[in-house]
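Here's the structure we're looking at; comments come further down.
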Amino acid sequence: MEKRRLECPALPAGWKKEEVIRKSGLSAGKSDVYYYSPNGKKFRSKPQLARYLGNSVDLNSFDFRTGKMMPSKLQKNKQRLRNDPLNQNKSKPDLNTTLPIRQTASIFKQPVTKITNHPSNKVKSDPQRVIEQPRQLFWEKRLEGLSASDVTEQVLKPMELPKGLQGVGPRNNEETLLAAIASALHTSSAPITGQLSAAVEKNPSVWLNTFQPLCKAFLVTDEDIRKQEDKVQNVRRRLEEALMADILARDSEASQNSDIYMDSRDD
DNA sequence: TTACTCGGCAG
DNA sequence: CTGCCGAGTAA
């Protein structure tokens, strides 16, 4: 049978949808739906698609079979705790480092009300390309309750921030401050300065610069940098020592084994 | 090996 | 019933 990969209107440009009819077996006549990303990767389920797209896209109302957004699909909130014992041994740790962004700016085309032109109406034409996604105020708050864990899923103690860093915004606390700064450092290559505007303390909702973390402006001195360099050097030295010790331990273990081997040959 | 299929289970 | 994904088979 001939296969057709069709451009999918609900998905960003380049995505294709394919429906394959089963032609034999008990399930003959049923069909399977697949999607292909612009780079050609095949997707055969909604969870798989969601995993790939990360937090950047809301698929709650996306109907995989038809390929359309179905706003009627109201789903109950599945609030799952990170350390749910039922989940603990099942799923691999989530390695997705995509940060949550405003979902109303989704790259998926949501149904919209069409506004036609009118003499008294000036309709803005769409810019060729949206350069920057709008950012939600205080979006870092959504990172609350997350924590790093090691390979055994043992939760790690959060790192300590230097004294003198002060958060801004509603209900600000150490946890959000740390998340905000860490996020800023890994999402932006621009310098992280904190909120430079003093007005932000009076009214954060108005004056917040969303490209800077939720903290007051801070200053990093040469002294700070030197201290940090010392720290890194120290840690590297300890790592080197540990690796050396490990190699030596393996060596002596290996020679012991060969001793045993020699003994048994003497028998 | 990868790609394509259908079975079969969970919800 | 449908959606998801394992795993067998084909290329």
Side-chain angles (χ1 to χ4, degrees), chain A residues 1-114 130 133-134 136 139-156 179 183 186-187:
Chain A
M1 177 182 250
E2 175 171 73
K3 289 181 185 171
R4 298 194 303 169
R5 288 188 190 178
L6 300 170
E7 195 72 30
C8 188
L11 267 47
W15 285 78
K16 301 283 199 321
K17 174 171 176 280
E18 180 189 35
E19 182 166 8
V20 178
I21 314 290
R22 297 192 176 190
K23 42 188 170 302
S24 66
L26 301 172
S27 50
K30 304 274 181 199
S31 70
D32 294 293
V33 174
Y34 305 113
Y35 290 86
Y36 295 85
S37 68
N39 53 51
K41 184 172 162 58
K42 183 177 186 175
F43 294 86
R44 47 190 212 135
S45 71
K46 196 164 150 175
Q48 189 189 3
L49 200 54
R51 249 175 278 137
Y52 180 80
L53 296 171
N55 298 329
S56 61
V57 175
D58 182 5
L59 291 180
N60 276 332
S61 64
F62 183 73
D63 183 60
F64 192 86
R65 181 156 282 278
T66 63
K68 293 178 164 74
M69 286 298 186
M70 319 218 40
S72 53
K73 291 222 163 191
L74 222 287
Q75 220 175 261
K76 66 175 177 213
N77 221 0
K78 268 206 163 185
Q79 183 78 5
R80 180 102 293 166
L81 283 165
R82 293 278 139 181
N83 287 326
D84 182 348
L86 294 175
N87 243 348
Q88 202 133 49
N89 295 323
K90 295 291 279 183
S91 59
K92 294 173 190 165
D94 181 11
L95 299 178
N96 186 359
T97 54
T98 314
L99 292 163
I101 65 164
R102 255 189 120 184
Q103 308 253 337
T104 47
S106 167
I107 54 177
F108 280 79
K109 294 169 189 156
Q110 305 276 10
V112 292
T113 310
K114 185 177 178 181
V130 179
Q133 299 263 350
Q136 188 173 35
W139 61 270
E140 291 97 331
K141 294 286 178 193
R142 263 190 272 173
L143 301 173
E144 280 177 11
L146 300 180
S147 53
S149 56
D150 65 18
V151 286
T152 67
E153 306 213 358
Q154 194 71 232
V155 173
L156 300 171
S183 302
H186 103 254
T187 51

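Keep in mind that this is a model prediction, so the values were computed, not measured. Residue numbering restarts at 1 for every chain, and letters A, B, ... go by the order of the sequence lines.
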* Tell me: CD of A/Glu19 to P of C/dT2, nearest whole Å? -> 12 Å
* Got a sec, which residues hit side-chain hydrogen bond (donor to acceptor under 3.5 Å, both in side chains) with A/Ser45, two or more places apart in sequence or on another chain? -> none
* Minimum side-chain heavy-atom gap A/Asp63-A/Lys68 below 4.5 Å -> no
* Atom CZ of A/Arg51 to atom P of C/dC5: distance rounded to whole Å? -> 5 Å
* Does B/dT5 have OP1 or OP2 sitting under 4.0 Å from an N or O in the side chain of A/Lys23? -> yes
* Structure fact -> Sorted by chain and residue number, the side-chain hydrogen bond (donor to acceptor under 3.5 Å, both in side chains) partners of A/Glu19 (sequence neighbours excluded) come out as A/Ser31
* To do: Just jot down the side chain to side chain contact (heavy atoms under 4.5 Å, CB included) partners of A/Ser37, sequence neighbours excluded, or say none.
  => A/Trp15, A/Asn39, A/Lys41, A/Phe43, A/Tyr52
* Structure fact -> Of the candidates C/dC4, B/dT5, B/dC4, the side chain of A/Tyr36 sits closest to B/dC4
* Asked: Which part of the nucleic acid does A/Phe43 contact within heavy-atom distance under 4.0 Å: base, sugar-phosphate only, or nothing?
  -> nothing
* To do: Just jot down the salt bridge (charged side-chain N to carboxylate O under 4.0 Å, His left out) partners of A/Lys17, sequence neighbours excluded, or say none.
  => none
Name the pairs: protein N/O against N/O of nucleotides 9-11 of chain B, kept only if under 3.5 Å.
none

* Give a yes or no answer on whether the side chain of A/Tyr35 reaches the backbone of A/Phe64 with a donor-acceptor pair at less than 3.5 Å. => yes
* Asked: For the pair made of CZ in A/Arg22 and C1' in B/dG8, what is the distance, rounded to whole Å?
  -> 10 Å
* Which residues satisfy the salt bridge (charged side-chain N to carboxylate O under 4.0 Å, His left out) test with A/Arg44, sequence neighbours excluded? -> none
* Short side-chain N/O contact to C/dT2 OP1/OP2 from A/Arg65, under 4.0 Å -> no
* **Whole angstrom value for the distance that separates P of C/dC5 from CD of A/Gln48** => 7 Å
* Asked: Can you give one letter per nucleotide of nucleotides 6-11 of chain C, going 5' to 3': B for a protein heavy atom under 4.0 Å from the base, S for sugar-phosphate only, - for none?
  -> BB----
* With Watson-Crick and G-U wobble geometry limited to distances under 3.5 Å, how should the secondary structure of DNA chain B be encoded in dot-bracket form, using | for bases paired to another strand and [ ] for crossing pairs? -> |||||||||||
* Asked: What are the two closest heavy atoms between A/Arg22 and A/Asp32, and how far apart are they?
  -> NE-OD2, 2.7 Å
* What is the distance from CG of A/Leu26 to P of B/dG7, rounded to the nearest Å? -> 5 Å
* What is the distance, rounded to the nearest whole Å, between atom NZ of A/Lys30 and atom C1' of C/dT2? -> 8 Å
* **For atom CG of A/Asp63 and atom C1' of C/dC4, their distance in whole Å** => 14 Å
* Asked: Can a side chain N or O of A/Ser24 be found less than 4.0 Å away from OP1 or OP2 on B/dC6?
  -> yes
* **Options C/dC4, B/dG7, B/dC4, nucleotide nearest the side-chain atoms of A/Ser45** => C/dC4
* Working to the nearest 0.5 Å, report the span between OH of A/Tyr36 and CD of A/Glu18. => 4.0 Å
* Asked: Rounded to whole angstroms, how far apart are OH on A/Tyr34 and P on B/dT5?
  -> 7 Å
